[in-house]
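Beneath this line is the structure, given in structure tokens, with notes to follow.
Indexing begins at 1, ligand by ligand and atom by atom, following the structure's order.
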Amino acid sequence: NDTSMQHRNLNHMTREERFSEAMRRTLYALKVLLPREGWTPVGPEMKYLARAIKEFTFIIHAGVFIPCIMSYGTNEQIAKWFPLAADFRIIGTYAQTELGHGSFLRGLETIATYDRANQEFIINCPKITAMKWWPGDMGKSANHVLLMAELVIDGKKYGMHGFMVQIRDLTTHEPLPGVTVGDIGAKLSFESVDNGFLYLQNVRIPRENLLSKLSEVHPDGTYIKKGNQRLMYGSMVRVRVNLIAHEIVMPLAKACTIAVRYSAVRRQGLINPSKEEVPVLDYVAQQHKLLPQVATVFMAHFAAKQLVKMHHDYSLEVEKGNTSQLPELHALSAGMKACLSEQGAAGAEIVRRACGGHGYSCGSGLPFIVNRMLATCTYEGENTVMQLQCARYLIKCADQAKKDKLTGSVWYLSDFSNMSCTAQTFGDLQEPSVLVKLHERRAKCAVQHAGKKMQNMVKNGTPAHDAWNMMATLLINAARAHIMQYVVGTSVTYISELSCSASLKKILTQLCALYALHNINSNCGDFVKFGCLTSAQCDLAQEAEFNLLKQLRPDAVGIVDSFDFTDDILQSCLGAYDGNVYERLFEWAKQAPMNKTEVHQDSYQYLQPYLHEGRDVLEGRGRNSKL
Ligand SMILES: CC(C)(COP(=O)(O)OP(=O)(O)OC[C@H]1O[C@@H](n2cnc3c(N)ncnc32)[C@H](O)[C@@H]1OP(=O)(O)O)[C@@H](O)C(=O)NCCC(=O)NCCSC(=O)CCCCCCCCCCCCCCC(=O)O
Ligand SMILES: Cc1cc2nc3c(=O)[nH]c(=O)nc-3n(C[C@H](O)[C@H](O)[C@H](O)COP(=O)(O)OP(=O)(O)OC[C@H]3O[C@@H](n4cnc5c(N)ncnc54)[C@H](O)[C@@H]3O)c2cc1C
């Protein structure tokens, strides 16, 4: 209710206005509105920020830079930099990606060379491809970066390490000597974020600025490893775990709220020719577009909660020096981020398209969501690369399953019980336990299929790396299948253990079955190819899905209302709670800058001569053309 938090119409603002406005609003929220005793911007309130502000900034500062200080810094370094960063007295970003490399981290080219005589690191981007490119908040906001660079001592390379580097003067905010920094220009979304470029040439930093939780350099240049070097990748795991809720579940829920509410209001066409025009939500085709996406919101939310818990438990173990869970967590977080961002981004576009022309208007609020969600498929690990990371782990586990009983998320790879499906009716296929078993069997077969193909190629003399490359598509499918069985399995468990009313549990169970059946029907080739379902059972699976659409239709609006987004957050003429779509669209359009004058003089000057000729012809004073 604080007017300082109300959003002006973002679509009618320039990018620079949106950048400034997001900064004003974010700092107002984090420095004025929210703070109370013991609060920090990396606490639970951050998720309210993602919910309560349509466009905010300092996402990387709060979401990546600060967590990295905690993950990579020693206690002294945390004590020095965390309070400054948490209080926005320094603004940082996570500078890893370069103009020439983003996925292949071993290819990063920025170098940090140790200068023993001065006990400093000399930071250099030796060529243009080494320039840091993309980090959020880096172009104009940040005065520090957590720079990921190759450590070099006496000509020997030690791999990627994290360095705290100041890039702007703390008084003037001007770039420091040797620093070339700026905004990378217009992007598909994130208009309010200054993703930047950073070119460092002979920038010197003290030895103490190497974040030294996992390794350190002594004054004489001795390099000491202090832990599992894979923890150097730990911040990416943490962001992948956390971004699912923030950047996939939340935006998809907003898009579904808009599209379902609009579909309940928009009347178009007839089902029964003798009756009146129907709300488009009555078309089964429309239900088939929207309701599986609503189900995805819930299932992704439940699975993400489980992953966050797993990451939390793992973090406690790491503090005790036990990193044994890291391989599974890396594989699961990489796979979940990739598969759910793929589903979420596609789902947001499906529901946008289901809103017809008004879904193409920025006044719907949907293009903002769709464009922003597209980025989740690329940042924090490009999806293909992430799926292959997940597949790498699955293939290793499938080999191990031949001799050991596996546990954790891959336990099903060593389950050799009879998994054939005996479903005789579509009701059988709505049973949660049947759906879980079907997904486990499909995943197990997909992993074994990819592994077998590669083994046969290697047996026939193909080098292992070529076999891997040639079977990449099968490996990606195996990763997707693994994640789908994880999402369905964890959701079924979560719902069964939820203490809630029977009516709510019924709805959630129906949504879970809808999600699983939609996935089966969208991938029935796999389910038949791997012997999970017969062709007849595939027909039953389709019937089962259609039946659920019919059962869920009456509650569709109530279900999205339960996401409880305010009109100010949705910023949608189509999804406002009062359903006054047309009046809102007209009011919104009238506010467009194009309409601040009746005649748009800048363009009219070009048109005027021709219009006056036309006027003269029509008023009998001019000659018509020969056309
Ligand atoms: C993994 C790579 C693709 C390849 O790396 P390597 O070449 O070194 O490894 P290999 O493939 O050879 O594998 C070797 C070995 O290492 C294991 N491994 C790899 N990665 C990891 C890992 N992360 N953890 C653990 N182990 C790992 C691998 O499994 C192998 O093991 P085995 O030998 O045993 O098989 C690597 O190059 C890579 O990761 N590339 C991707 C780069 C990337 O992800 N870049 C991201 C840059 S930062 C960015 O994009 C930021 C975007 C953020 C945008 C906004 C986000 C919104 C955030 C909101 C939510 C946050 C809120 C947070 C609040 C909170 O935290 O509380
Ligand atoms: C909105 C946004 C915000 C970002 N914020 C940050 C940030 O704050 N900090 C930061 O450091 N970075 C950030 N990034 C950069 C992001 O992490 C990288 O873009 C991402 O890691 C992909 O790397 P790349 O762009 O170099 O693509 P590349 O690695 O060049 O990949 C290009 C394409 O090649 C293919 N490909 C690549 N490798 C393989 C492989 N092994 N197998 C098969 N196919 C492959 C894939 O199709 C991939 O899409 C951001 C990016 C975006 C879009």
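- Within the 4.0 angstrom cut-off, atom 48 (C) of ligand 2 has one or more protein heavy-atom neighbours.
- Under 4.0 angstrom from ligand 1, the non-hydrogen atoms of V237 all belong to its side chain.
- Those atoms of ligand 1 with a heavy atom of K396 less than 4.0 angstrom away are 32 (P), 34 (O), 35 (O).
- In this structure F368 satisfies the side-chain contact (heavy atoms from CB on, under 4.5 Å) test together with L10, R18, K54, E55, R372, sequence neighbours excluded.
- Between T376 and S341, the shortest heavy-atom distance links the atoms OG1-CB, 3.3 Å.
- With a 4.0 Å heavy-atom cut-off, ligand 1 is reached by no atom of W134.
- Closest approach of M138 and V181 over heavy atoms only: O-CG2, 3.4 Å.
- The closest heavy-atom contact to atom 8 (O) of ligand 2, among the options G63, G136, C377, comes from G136.
- The option with the heavy atom closest to atom 24 (P) of ligand 2, from among G100, S189, G102, G107, is G102.
- Ligand 1 lies nowhere less than 4.0 angstrom from a heavy atom belonging to A245.
- Per-residue contacts place R240 under 4.0 angstrom from the following atoms of ligand 1 (heavy atoms of the residue considered): 23 (N), 39 (O), 41 (C), 43 (C), 44 (O).
- The residue H312 has no part lying near ligand 1, judged by heavy-atom distances below 4.0 Å.
- Under 4.0 Å from ligand 1, the heavy atoms of I60 that appear belong solely to its side chain.
- Summarising the contacts of atom 31 (O) of ligand 2 with P135, A472, S103, G196, the nearest heavy atom is found in S103.
- Scanning all protein heavy atoms for the shortest distance to atom 45 (C) of ligand 2 gives V385 CG2, 4.1 Å.
- Within the 4.0 Å heavy-atom shell around ligand 1 one finds S103.
- For residues 63-76, the set of pairs meeting the side-chain hydrogen bond (donor to acceptor under 3.5 Å, both in side chains) definition, not counting sequence neighbours, comprises Y72-S235, T74-E76, T74-Q77.
- In terms of protein heavy atoms, atom 11 (O) of ligand 2 is closest to T97 N, 2.8 Å.
- Only the side chain of I59 comes within 4.0 Å of ligand 1, counting heavy atoms alone; its backbone N, CA, C and O stay farther away.
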